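Accompanying notes for the structure given below.
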Protein chains: 2
Amino acid sequence: MLKQLQTAIVQGDIAPGAKLNEPELARRFGTSRGPLREAIRGLQARRLVHVTPNAGARVVSLGVEQLGALYETREALEGMAARLAAERMPKADIQALERLLDEHAASIGTDDGAGYYQEEGDYDFHYRIVHGSGNAVLADVLLDDLYQLMRMYRFKFSIGAGRPAQALDEHYRILEAIDGGDGELAELLMRRHIGAARKRLQQDETTLHKIIQEEHS
Amino acid sequence: MLKQLQTAIVQGDIAPGAKLNEPELARRFGTSRGPLREAIRGLQARRLVHVTPNAGARVVSLGVEQLGALYETREALEGMAARLAAERMPKADIQALERLLDEHAASIGTDDGAGYYQEEGDYDFHYRIVHGSGNAVLADVLLDDLYQLMRMYRFKFSIGAGRPAQALDEHYRILEAIDGGDGELAELLMRRHIGAARKRLQQDETTLHKIIQEEHS
DNA sequence: AATCGAGATATTGTCGACAATATTTGTCTT
DNA sequence: AAGACAAATATTGTCGACAATATCTCGATT
């Protein structure tokens, strides 16, 4: 139930800024208002919806600053994840991740493969590094909270688009540093990798503004 | 409602590991099960309770590794907060924080003042730095999520105890770096400040084990 | 005496109904 | 025609009841 609503929001099925109508959503998910309200409270704590007392819940609509803050936070957390992974990630997992990158490399050649890679492939890479850090708190915060927020906006504009080959190359270099046990380098490369996405994002500010306008109509 | 339950848990009114009995808690807070369940879902997303389907919710009970992971994450996030605060914190807020530290210095002399300082004073200092970072995501994650978890265990053992004078001195130095606009130094000092707490924590491992034993009885 | 199983009890999950509050609609006044 | 007020509607907040599941109790069997 919570998961159903969450994916509906994250995939943009329910747009940012949209109001969550409890009776309507309850019908849509084939349940009653009780469980639905519980799900809304969960998503509220995960920062996916904002609730105004006696006036209902709306899907959050991130402004430029907030999206920038999100990436800034990701830099710190995933930089740390990369450093810890270099120290603690099991060799078997590192090798599995290398094979995954090889698959990504292969799929970049194909037309539709590139699309998949940019979305899920990128997610998979970061997901595994965070897990490899062996820090459960870090994994929870990033994967349960922040990633969902980001995915909401990945559908919206070009955050990760247009440079699959370069991104893949950066992934390889990060993994190399991790494999070599060089935590400092892994952290530096990961921060740069995410920082690049942030900079591209802020150049796209005008695009974003348009989207936010649409949301409020 | 959510807040009532949260403070009851954070203050140790309901012990870590304890089961949350819905009818009982509903009576205790003078409400019905509906709102209470919604509150539980919120705390679940905030990682304060763990829910097993069809078997109810329990207050989380952190093991040594998880508490270590919590501090590790705090190092990264608060280090970042200190660096950003050095770049963006308004001068007026910096001066106000300096006055707060002066109050702490005064209260260390008195007997009961030291107690207050160790608990709330420390919290206030970190709280203001995080706010001063101007990063809303960071503030939410730290203040709404992780701090509550930590406070739960501050009541339990000596995480921040026994060195009020030294901690205050470290606070002064961090603030100096922020005031001077030296983000790198501020980050370094903050990481050390929290890292010291983590090391003390892990030395206290035996104490912690005892507490966890008690929780499960 | 210990273990297993069936019944009894308690607890969680879900629903529909009602009360309280917000939002909309329509009317009246200026 | 524009704005303000009031009734009507819709939506959120809360509650108690019932169903489904888990947990406990106690007796029977080995």
Side-chain angles (χ1 to χ4, degrees), chain A residues 1-10 12-61 140 144 148 152 212-217, chain B residues 1-10 12-61 140 144 148 152 212-217:
Chain A
M1 173 74 263
L2 188 150
K3 213 172 179 180
Q4 280 187 0
L5 182 58
Q6 175 162 331
T7 57
I9 290 176
V10 169
D13 242 16
I14 308 173
K19 186 159 194 287
L20 299 184
N21 186 305
E22 294 180 0
E24 178 196 325
L25 288 174
R27 273 196 309 275
R28 174 165 163 184
F29 294 124
T31 177
S32 89
R33 280 181 58 218
L36 185 93
R37 282 175 64 92
E38 292 177 12
I40 290 179
R41 287 307 183 283
L43 296 185
Q44 178 187 15
R46 284 188 176 79
R47 285 173 277 282
L48 275 172
V49 305
H50 184 257
V51 173
T52 320
N54 289 321
R58 311 189 85 89
V59 178
V60 290
S61 173
D140 276 1
D144 290 351
Q148 309 306 321
M152 252 181 76
I212 290 174
Q213 293 304 327
E214 287 166 16
E215 281 170 12
H216 291 311
S217 65
Chain B
M1 174 72 262
L2 188 150
K3 214 171 179 180
Q4 281 186 1
L5 182 58
Q6 176 163 331
T7 56
I9 289 175
V10 169
D13 243 14
I14 308 175
K19 184 154 194 285
L20 300 183
N21 186 304
E22 294 179 359
E24 178 196 324
L25 288 174
R27 274 197 307 274
R28 173 165 163 185
F29 294 123
T31 177
S32 88
R33 280 181 57 217
L36 185 92
R37 282 176 65 92
E38 292 177 12
I40 290 179
R41 286 309 184 282
L43 296 185
Q44 177 187 16
R46 285 191 176 81
R47 284 174 278 281
L48 275 172
V49 305
H50 184 258
V51 174
T52 319
N54 289 320
R58 311 190 86 90
V59 178
V60 291
S61 173
D140 276 1
D144 290 352
Q148 308 307 320
M152 250 180 77
I212 290 175
Q213 294 303 326
E214 286 165 16
E215 281 171 11
H216 291 309
S217 62

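Residue numbers start from 1 in every chain, and the chains themselves are labelled A, B, ... in the order their sequence lines are given, proteins ahead of strands. This structure is a prediction, so every number in the text was calculated from the model and none was measured.
- In this model, the phosphate group of C/dT12 is not approached by any side-chain N or O of B/Arg37 to a distance below 4.0 Å at OP1 or OP2.
- Checking D/dT11, C/dA22, C/dT12 against the side-chain heavy atoms of A/Ala55 singles out C/dA22 as nearest.
- Protein atom CD1 of A/Ile40 is 13 Å distant from nucleotide atom P of D/dT11, rounded to whole Å.
- Among C/dG13, C/dA22, C/dC15, the nucleotide with an atom closest to any side-chain atom of A/Pro35 is C/dC15.
- Residue contacts shown for B/Gly56 are limited to sugar-phosphate atoms, with no base heavy atom under 4.0 Å away.
- To the nearest 0.5 Å, the span separating CZ on A/Arg37 from OG on A/Ser32 amounts to 11.0 Å.
- Atom CD of A/Glu22 is separated from atom P of C/dT21 by 16 Å (rounded to the nearest Å).
- Note that CD of A/Glu22 is 4.5 Å distant from CZ of A/Arg33, once rounded to the nearest 0.5 Å.
- Comparing C/dC15, C/dT12, D/dT12 by their nearest atom to the side chain of A/Pro23 picks out D/dT12.
- The A/Thr31 side chain lies nearest to C/dC15 when the options are C/dC15, D/dT14, C/dT12.
- Rounded to an integer number of Å, the gap from B/Phe29 CZ to D/dG13 P is 19 Å.
- Rounded to an integer number of Å, the gap from CZ of A/Arg58 to P of D/dT11 is 12 Å.
- Between B/Asn21 and C/dT11, a side-chain N or O to OP1/OP2 separation shorter than 4.0 Å is present.
- Between A/Arg33 and A/Pro53, the residue anchored nearer the 5' end of DNA chain C, judged by the nucleotide with its closest heavy atom, is A/Arg33.
- Distance A/Met1 CE to C/dT14 C1': 13 Å, rounded to the nearest Å.
- Across the interface with DNA chain C, nearest-nucleotide mapping of B/Ala57 and A/Gly30 shows B/Ala57 to be the residue nearer the 5′ end.
- In terms of heavy atoms, B/Ala39 sits closest to B/Met1 at CB-CG, 4.2 Å.
- Rounded to whole angstrom, the span from the CG atom of B/Leu36 across to the C1' atom of D/dG13 amounts to 15 Å.
- Side chain of A/Asn54, nearest nucleotide from C/dC15, D/dT11, C/dA22: C/dA22.
- OP1 or OP2 of D/dT12 sits under 4.0 Å from a side-chain N or O of A/Lys19.
- Computed from coordinates, the B/Arg41 CZ to C/dT14 C1' distance equals 12 Å when rounded to whole Å.
- The distance from atom CZ of B/Arg27 to atom P of D/dG16 is 12 Å, rounded to the nearest whole Å.
- Going from atom OG1 of B/Thr31 over to atom CG of B/Leu25 covers 11.0 Å, rounded to the nearest 0.5 Å.
- Residue A/Leu20 is in sugar-phosphate contact alone, with no base atom involved, counting any heavy-atom pair closer than 4.0 Å across all strands shown.
- The existence of a salt bridge linking B/Asp13 and B/Arg28 is confirmed by a sub-4.0 Å separation between a basic side-chain nitrogen and an acidic carboxylate oxygen.
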